[in-house]
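For reference, the structure discussed in these notes is given below.
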There are 4 protein chains.
Amino acid sequence: MVNVGILGATGMVGQRFIELLADHPKFEITALTASKRSAGKKYEDAVTWHLESGIPEAVQDTVVVDTDPAEVKDVEIVFSALPADTAAIVEPKFAAAGMKVASNASAMRMEPDVPLVIPEVNPEHLDLIETQQKNRGWDGFIVTNPNCSTIALVMTLKPLYDQYDIKKVYVSTMQAVSGAGYNGVPSMAILDNIVPFIGSEEEKMESETLELLGDFDGESVTPAGFSLSASCNRVPVIDGHTESVFIEMGEEFEVDDVKKSFSEFRGLPQKLGLHYAPESPVIVREEENRPQPRMDRNAGHGMAVSVGRIRRDAVFPENLKYTLVGHNTIRGAAGASILNAELINEIM
Amino acid sequence: MVNVGILGATGMVGQRFIELLADHPKFEITALTASKRSAGKKYEDAVTWHLESGIPEAVQDTVVVDTDPAEVKDVEIVFSALPADTAAIVEPKFAAAGMKVASNASAMRMEPDVPLVIPEVNPEHLDLIETQQKNRGWDGFIVTNPNCSTIALVMTLKPLYDQYDIKKVYVSTMQAVSGAGYNGVPSMAILDNIVPFIGSEEEKMESETLELLGDFDGESVTPAGFSLSASCNRVPVIDGHTESVFIEMGEEFEVDDVKKSFSEFRGLPQKLGLHYAPESPVIVREEENRPQPRMDRNAGHGMAVSVGRIRRDAVFPENLKYTLVGHNTIRGAAGASILNAELINEIM
Amino acid sequence: MVNVGILGATGMVGQRFIELLADHPKFEITALTASKRSAGKKYEDAVTWHLESGIPEAVQDTVVVDTDPAEVKDVEIVFSALPADTAAIVEPKFAAAGMKVASNASAMRMEPDVPLVIPEVNPEHLDLIETQQKNRGWDGFIVTNPNCSTIALVMTLKPLYDQYDIKKVYVSTMQAVSGAGYNGVPSMAILDNIVPFIGSEEEKMESETLELLGDFDGESVTPAGFSLSASCNRVPVIDGHTESVFIEMGEEFEVDDVKKSFSEFRGLPQKLGLHYAPESPVIVREEENRPQPRMDRNAGHGMAVSVGRIRRDAVFPENLKYTLVGHNTIRGAAGASILNAELINEIM
Amino acid sequence: MVNVGILGATGMVGQRFIELLADHPKFEITALTASKRSAGKKYEDAVTWHLESGIPEAVQDTVVVDTDPAEVKDVEIVFSALPADTAAIVEPKFAAAGMKVASNASAMRMEPDVPLVIPEVNPEHLDLIETQQKNRGWDGFIVTNPNCSTIALVMTLKPLYDQYDIKKVYVSTMQAVSGAGYNGVPSMAILDNIVPFIGSEEEKMESETLELLGDFDGESVTPAGFSLSASCNRVPVIDGHTESVFIEMGEEFEVDDVKKSFSEFRGLPQKLGLHYAPESPVIVREEENRPQPRMDRNAGHGMAVSVGRIRRDAVFPENLKYTLVGHNTIRGAAGASILNAELINEIM
């Protein structure tokens, strides 16, 4: 068993890390960090737990420590659920101290020597680690996963991009409130309502997508050669982001072939049989009114993306349209970092 | 005062007609029709009233009649809140019987000799009435308004299209449950959920928009010379449709000019001072997180469309992006038909 | 394996029966019935499936038959998810044809010779079956479970009633929309709203509770010697009924003893280790803001009732107050009938 | 016109004060206070406005001052929307400085020389002001209104208590999220959920009710001679508290007489024709499924309480049961303080 720690263990994403790692066959939680205020408390006293599953017994009595590498002993991998500004300062310290940091924070994602990885999409970008360690003189390293709404989208773009030229992508999202953290969206803001704005979200989708699908020449990543424009909306849904996608394809396609590309898509995690690898990363729904967040967010234990309404655009026949749903705090956050760590643990 | 009737007066849209017409300065409700089952009952006994405002006193005791022109006496204008299949059969009978039919139903909208009109957008299409009466030998006529999600969108496209070349439009909607009628969306379907499909809605938006902005040569309408692709979603919101719009513009634009075009837009209803004409048909919101359906649906007594997040596309600089909100059962249904009737009453 | 059938297999409760029975260790689904309209179709074509779990493979191709004992061959137990009026006519026919009917319908519950049973509460009432068969000349029989809101309440009253005199109970419920069936509560009725009325619900709670806790002398049941008054409300929650309970106790009590009575409560299903018997039928929550339906409805796989805010009434110190949550379509419907059948299968 | 100020003008209740006072015929807003952080800013820059109506023009440019009597000049009445802890310190300073404080805060409500008043219920308690001024040596004074859930309840208890002996009251509430302030209830806490706990709410209802209906002998108030027990729940509703009420009556009653008592109830505000006095303070709904918060919260411009399901308890025939709805931030907060001030302005 590999000893792992969770940085920022009391927040929404921190709780998902704990839930998903509690019975993990290869990782054992041996350290939990939080802000100074919580340090020294037992985890069950430090946290206001918000998941239906309850606090796993194994961590109830774990004493929370300050988010400082000096406090985190004998740990090989740390998962970061830190807010971006803290992550920018703290994650490099953990990497410098020799730990492998699998981060869900946005702080380091666009650094040229920090791999931004979805294991099914661009595992080869992990080779950047070598450059990173050399550049920065670290024994450890940082690996990041994308933003929640980006991950779900890119998992569907990958099998398309492998087979077809893509010219332009337009995406309008309908994002669950859990994406903003437990206190992020007041009920007064969202009951019987839509909020058509999420700070920095469109920018993340528009840049991260091209990075993830970009070419890696062994030293750096050249962004993918198409462009994507996003409009991001918050909706009164607990978990599960829904996205309406419009794609201007660069070449001929048949809808049935597209469905087949989605259904048959498998990546390295599936080949390696990683613990949290969903059998089918992309699940095609044929019902006219699916996918739906409440019905489909837990597909593949929350690690698969469901796609439906796959159709040729009736107006622009060279275009493809579809709708997708992905679980934003599992596949889109904690589960993404864990799958990155599983892959690293397996191949490095 | 002009005597008016309401066809299908007990449904959701029928109730909105009654609410909006109850204190109208020019129209007086003298007839209410419903299915045979309700005929002969007092309105208050025939209806399950669902609006906060309560049943207006003036119609509580009105005896409901069958939806048959022979039962509707001394009425000049009838408003149709009928379902499409019934409307297809019944509306022509009322027109043949000499009545002016202002219809919210979709049945006759795309008939080449039936005007599909938003008074601020294409009032000149009303000249089709003459052709219609000649073609069909009717003393009366049928005028229609578009689908709820189309109206809100086209009210924002009109001032743009007047000033700029438009190449392509992509729109993803987040539509309120009231659009499906009182029993249309079960709570089991939509609580904590999104339904990414609304039957025939995308087709209506894609065809009606071009018709409304089309050229009328005095005899027929040539659809506008751009194309629009829609993805329609149902969200847990009571009233008010929200739409994310992406436009590929055919020429240079400045965002401030676009905002000015929206804000300064006025149509014939505003010039004529029609009763339900909103002072500003399109209201520009500068807050980063507006418009929102709960906050903005009642702008202009539910007759104005609110637009926000008006921005140059960061990825495709030749593109314009914005979000709009319009009240689907007022501006998008009953209010639309009434404004059509007010215009006809004023100019014909 | 015992062959079982499901009457009314396409509705909300019918679907729960299928989900819960799909991998049952002792029961095998061999017959599914529905209305004539569905008879002859494969189940997957006859049903609009609404549960997140998807249609179990084993029944996808099962051909649905008419709800008629002649169509249901070689089946020992049938579970009834029929509406009350149909159940009143059909269930006796299945019993007459020799089948054991475990019914969730209300039709026969208050018949003096039909046992109304919660296995943890009054398993001895099953002895009424003998009387029922004698009275009616049936080879089979009917056993019923109570209404969803009654079950959750009575599971908490039972351990109290075993140890204390109870004088009066007041209960105000906040019931999930799934209790009314998939189309039962329109979203227009319940978004941003409460409906303070559920047809016949208060009457059921007020009569069934006393029957369940009543004395059985081997021939008939004498209702329990206290009274209960209910007010029932519908709330915008998918699954899980919440109930605020006020009890005038007939004797001294300590809150800690009450908690202990709840926590330590075990019934016959626990002793027998029945498959769907929750380890603890009543779970005590100590957090000040629990139980909550979204967090606690799935406790004990949806078969346990969660109780919290257990406190001495600050105003009436002889009174006990608490709040409970139970899953209305699992413990309160399909799961209740299945546990009845498991008990019958074990002991008869 | 009387110059008035609002203490804590940027919060939820502060915004309601501004909305309700914007066009008031007798009061003119001349001062707005907030925390030091906002002092010196224009109101429109200091506030994040959350009401649909928009910021009234008259106050947009008003410069916000610190909540300190020295900063509030030439003001006769101040309305307090302060949090309880701040109110406890600050309100006495304003009273000492000669201002009339109409407070919605709970801090001073239960002080024996501070009147806790609903104008329709116990206007005579205002005579306590004299005692208060004498006791404390103030030129000004403090008058308070009760907690939101108490007000709605007591408005219905008053006409009953005037005519009948009441023995015991049990009430279970379903309270809107706006009662907790804009950020009070995270959407993660309440979507598809109920929270069966609101801090200090039950205690307030249980004590304030008896104070409001208590006897005033000119010097002090003797609490009413019955008792009330409350269970308070938070529900996913924006505005409008719903309450299920069970009353053990101390004498015979007829349901029709009770309805008449409710309908015919009028208080001093109605007699004096105060601006915000609803024509009927208590509105009786005869529909079996009313009152509902979304449909009835705005009755009487949010100042009336709607009552329905008025019935004799089927189980305890000496008991009365009903359900009520009142608007928690209008009648239950800002509107309550304003009506108190209107009454004081008229009679003192």
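Just so it is clear, the structure is predicted and the values come from calculations on it, not from any experiment.
- Nearest heavy-atom pair, I238(D) versus M188(A), reported as atom, atom and distance to 0.1 Å: O-SD, 4.3 Å.
- Only the side chain of I190(A) has a heavy atom closer than 4.5 Å to any heavy atom of chain D.
- Using a 4.5 Å cut-off between heavy atoms, A180(D) does not touch chain A at all.
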Please list every donor-acceptor pair closer than 3.5 Å that links chain D with chain A, giving the two atom names and the distance for each.
{"unit_1": "V185(D)", "atom_1": "O", "unit_2": "S187(A)", "atom_2": "N", "d": "2.8"}
{"unit_1": "V185(D)", "atom_1": "O", "unit_2": "S187(A)", "atom_2": "OG", "d": "2.7"}
{"unit_1": "S187(D)", "atom_1": "N", "unit_2": "V185(A)", "atom_2": "O", "d": "2.8"}
{"unit_1": "S187(D)", "atom_1": "OG", "unit_2": "V185(A)", "atom_2": "O", "d": "2.6"}

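- Counting only residues at least two apart or in different chains, salt bridge (Lys or Arg N to Asp or Glu O under 4.0 Å) contacts with residues 172-185 of chain D are absent.
- Neither the backbone nor the side chain of A176(A) comes within contact range of chain D; no heavy atom of the residue lies under 4.5 Å from a heavy atom of that chain.
- Considering every non-hydrogen atom in both V177(D) and L191(A), the closest pair reads CG2-CD1, 3.9 Å.
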